[in-house]
Amino acid sequence: MRADLAPQYDPTQLDTALYARWKAAGVFTAHADRTTRLGGDRVPFVIVIPPPNVTAVLHMGHGLNDTVQDVIVRWRRMAGDEALWVPGTDHAGIATQNVIERQLAQEGRTRFDLGRDAFVERTATFVTETGGVILKQLEAIGASCDWTRTAYTFSPELSRAVREAFVRLYDAGLIYKGHRVIHWCPRCLTSLSDEEAEFADERGELYQIAYPVAGHPDRRLVVATTRPETMLGDVAVAVHPDDERYRDLVGQHVVLPVVGIEIPVIADPYADPAFGTGVVKITPAHDANDFDVGVRHGLPMPVVLDEVGALREGADASGRVPESLRGLDRFDARARIVEMLRATGQLVKVEPHQHAVRHCYRCDTVVEPRLSDQWFVRMAPLAKPALEALRDKRLRVLPERWEAVYVNWMENIRDWNISRQLWWGHRIPVWYCEGCGGEPIVSREDVAACPRCGGAVRQDEDVLDTWFSSWLWPLSTLGWPNEEARDLAAFYPTDVLVTAPEILFFWVARMVMAGCFFMGREPFHTVYLHGTVRDMQHVKMSKSLGNGIDPLDVVQSFGADALRYTVIAGLGLGTDVMLDPTNLEQSFAPGRNFVTKLWNIGRFILQNLGDAPAPALADIAPGRLTRADAWILSRLDAAIAECDTALGPARPDAARGGRWAPGELYAGLRLSELVEAARRFAWNELADWYVESTKPRLGGRDGDVARAVLVHAFDAALRLLHPVVPFITETLWQAIAPRGADEFLARAAWPVRRARDDDAAREFELVREAVGAIRQIRAEYNIAPGTRVAARVTGAQDRSARVLAHEAALIGHLARADVAAGDEPGNGEAAAHAVLSDGSHVRVPLAGAIDLGKECGRLRGELEQIASLRAGIEQRLGNERFVTRAKPDVVAGERRRLEELTTRAAQLTAKVHTLCGG
RNA sequence: GGGCGAAUAGCUCAGUUGGUUAGAGCGCCUGCCUUACACGCAGGAAGUCGGGGGUUCGAGUCCCUCUUCGCCCA
């Protein structure tokens, strides 16, 4: 009826074809009208992908991130939800622009040679031709995205959302143009948000410079700075108002070295009396803190560094930059100025100084604080509801500790600089009238002429921060701002957002704010933050460091499932994953080994099914089930329960108004625990014990029972494992029973627990114990696996005697022994002994092989161990405070255990007595 | 400088509200091609749970402190 499986699982051959079948059958396509929100009967479950940069290629970070999402989505799809995973890409303003600029540089050109329109067109063409590669790559790792809904942040639809958002915020008074110090990248020639200017510790120098006090030849103020080149823009020096040392100088002037002009000494609490000399120079145009001081004191703000970071007299700076320094790069200028100060004796001291310096997150250039006009979003009003969502338990962050980080950021939020002096991105929808020069025109539609005077208009040159489109992602991908959009109605709010903590502020927190502001509802109820992929030295994997692993290499060598399994198994909640890029074989061994094991279980079952499908378990009379059957079904039940606990509640209870219940707030999404529970069931229980136990039965009278249980248990195992290893489980599931053309494990039902026979299952544990005892004896005495030994098992009570008698043959099969059950008169034959936990015992006569001294030593050792355990328990039970204060069930448990150990010890003692005469 | 987290077997990590003999994978040792699987099977070794102090009948788990490392923020 069906072909046997190949001896080796060949993922490269099977997986691609299987993915194509899923896709063609529409397995991953969600239907808005099937959701409960639109009158259907399925609860929606939605994840939006963190959109990779459109020019990106898949790396292990994506491999991890997308596998996690896929596991969750596949789980919910099987659980009966209308599951939707929205894929897409981000136009990635700076990053993509940098790619094209690098191309141009190789051609010896710059973007300015091309001009704006040509540059944008070239970038768009590049994106069209090469972009989105990563989405295709996601298919290779099995990502079950709904490809009918692929989105792009720069598409016409999403661009409309960006404009809508801008206009609404502007109209609400939450967007404004500000003149202040922002982070400037002199290489990308754009401003950056606080989040985009990343700190990195650097070793630098702290220079102490003497500023002579005007009119007091004997006095000077010494200031400390790490950036002497900015002193040309100094407009004051500040001391703390309470600082006695300088109180008399406040209001006086000092002479600015190099420049030679006089600047005032002011009192401001910003000056820290404990840092350096307590005197700080104030450079409002080139330091954000100094800017604040400048505003407080109404100081001028001369600009002495230009956009490429070279010294130049900018606004208000006339006469400040000496001829000899003009045009010098900031770092060359620093050296030159230090030399000049040294020459005039005004350099007091230079000491090494470790400090954090901001760098551009895209090109790593040291960022320059720069005074300029930029657009900002007023964040405090947006943060309020986003904080509320968390405090109200409508939003949770896993692992829990990140919630504090989220709260801290929200509470200290600063306005968001959203304008970028780039060409690749959404142009700011603001027009200025060249005619009447009135208020800027902010519009959803392009503006051709001034609505007031009909004069010519000019659009703002800047584009929006990439994240200004990303923060709308959960809304815009579902159709917002079209409030009629069916997807928006069916699938918003979404459910879980899976990402790395690095973009908690860039993206996650802002999405919550956008969702609350534009939709009146936070965009998801769970933020799942996973760790980072690192190498064995714990260094983050990256292409530039050359310690990366290409997921496609892994897929090629071991299959997507091996990759997925390995990554998920190694991923504790919020922990990093360590992989060795120099040894893929070892790194992915857990996944590869497990997948192979599954394959072979499948082969075994198939080989034993014969031509007819296995009977359904429901059709087997319960009385025909053996202890082994009851045991594996009971283990399956436990495995299902463990998997369900690991995965947790899918969403907060609607009856609680979408608020997480206290007991569930941080529960679930323990994917590594899901893997471990399912693995243990499939391998250690199903394969190691149950499959072995069926071998003698399959050809016999109750072979059909064994087949029914085998197929039932394996089928359930495949279901539990499918979210993690979708390819092999689907392949095997298709093979173990006839399936319709449209029938897929990917949309089969998640297993549910069933009634079970606990007594029979418990009795099987005695069988396992007896087998273990005989195996141990065999190993101890080096009995070759091919050699059958004789063994006798004697039950301590009627019940165990009955069980052992019934199962003697099975015990013999599993332990490679000829087992007889029941009492027998001791005939003095040399034998090895073991006592089981209920006092039953096992005797393996080994004429000639038994070393009596060794055997006695073994038994005495065991007895000693039991004795020490008993002593411990007796001590506890003898302690009156334990008995009175510990919980009753704990005490009862100890009593029960003591009883068991006592029985066992008595049996052992008797053994030792007769055997060793002690 | 502020905040957070981690320290458990050679390595990577689990250890729920304190309660049996602290677990898993990989690696290691011994023996085996047992008619699904050597990417396997059976058996095994290996941890004074970072140091010190405390609370408790009882601490890997709670508190304090020290050390080391990591992350976030300024």
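Chain A is the first sequence line, chain B the second, and so forth, proteins listed ahead of strands; every chain is numbered from 1.
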Quiz prompt | Rounded distance (Å) that lies between atom P of B:C73 and atom CD of A:Glu411 | solution = 16 Å
Quiz prompt | B:G27 to B:C11 separation - P atoms, rounded to the nearest Å | solution = 15 Å
Practice problem: Answer yes or no: is there a side-chain heavy-atom contact under 4.5 Å between A:Ile774 and A:Ile811? | Solution: yes
Practice problem: State which of B:C72, B:U12, B:G40 makes the closest approach to the side chain of A:Trp683. | Solution: B:G40
Quiz item: Which nucleotide in the set B:G44, B:G25, B:G19 lies at the smallest distance from any side-chain heavy atom of A:Ala886?
Solution: B:G19
Exercise. Check every atom of B:G19, B:C72, B:A36 against the side chain of A:Phe505 and return the nucleotide holding the closest atom.
Key: B:C72
Self-check item: Candidates B:G19, B:A36, B:U20 - which lies nearest the side chain of A:Arg603
Solution: B:A36
Exercise. Look at the side chain of A:Arg775 and decide which nucleotide, out of B:A24, B:A36, B:G43, has an atom nearest to it.
Key: B:G43
Quiz item: Do the charged groups of A:Glu862 and A:Arg904 touch, with an N to O distance under 4.0 Å?
Solution: yes
Exercise. Find the distance A:Asp10:CG to B:C39:P and express it as a whole number of Å.
Key: 17 Å
Exercise. Kindly indicate whether the side chain of A:Glu692 and the base of B:A36 share any N or O donor-acceptor pair separated by less than 3.5 Å?
Key: yes
Quiz item: Between B:G44 atom C1' and A:Tyr781 atom OH, what is the distance in whole Å?
Solution: 16 Å
Self-check item: Positive for side chain to side chain contact (heavy atoms under 4.5 Å, CB included) with A:Ile568, one of A:Val71, A:Val725, A:Val577, A:Leu674
Solution: A:Val71
Exercise. Considering only atom P, compute the distance from B:C71 to B:G19 and round it to an integer number of Å.
Key: 32 Å
Exercise. Looking only at side-chain atoms of A:Arg816, point me to the closest of B:C26, B:U34, B:A74.
Key: B:U34
Exercise. For the side chain of A:Gln8, starting at C-beta, report the closest nucleotide among B:G44, B:G40, B:C39.
Key: B:C39
Quiz item: Which nucleotide in the list B:A36, B:G43, B:G25 gets nearest to the side chain of A:Val691?
Solution: B:A36
Quiz item: Roughly how many Å is it from CG in A:Asn684 to C1' in B:G40, rounded to a whole number?
Solution: 13 Å
Quiz item: With respect to the side chain of A:Trp402, which nucleotide from B:G19, B:C71, B:C41 is positioned closest?
Solution: B:C71
Practice problem: State which of B:A74, B:A24, B:G19 makes the closest approach to the side chain of A:Lys887. | Solution: B:G19
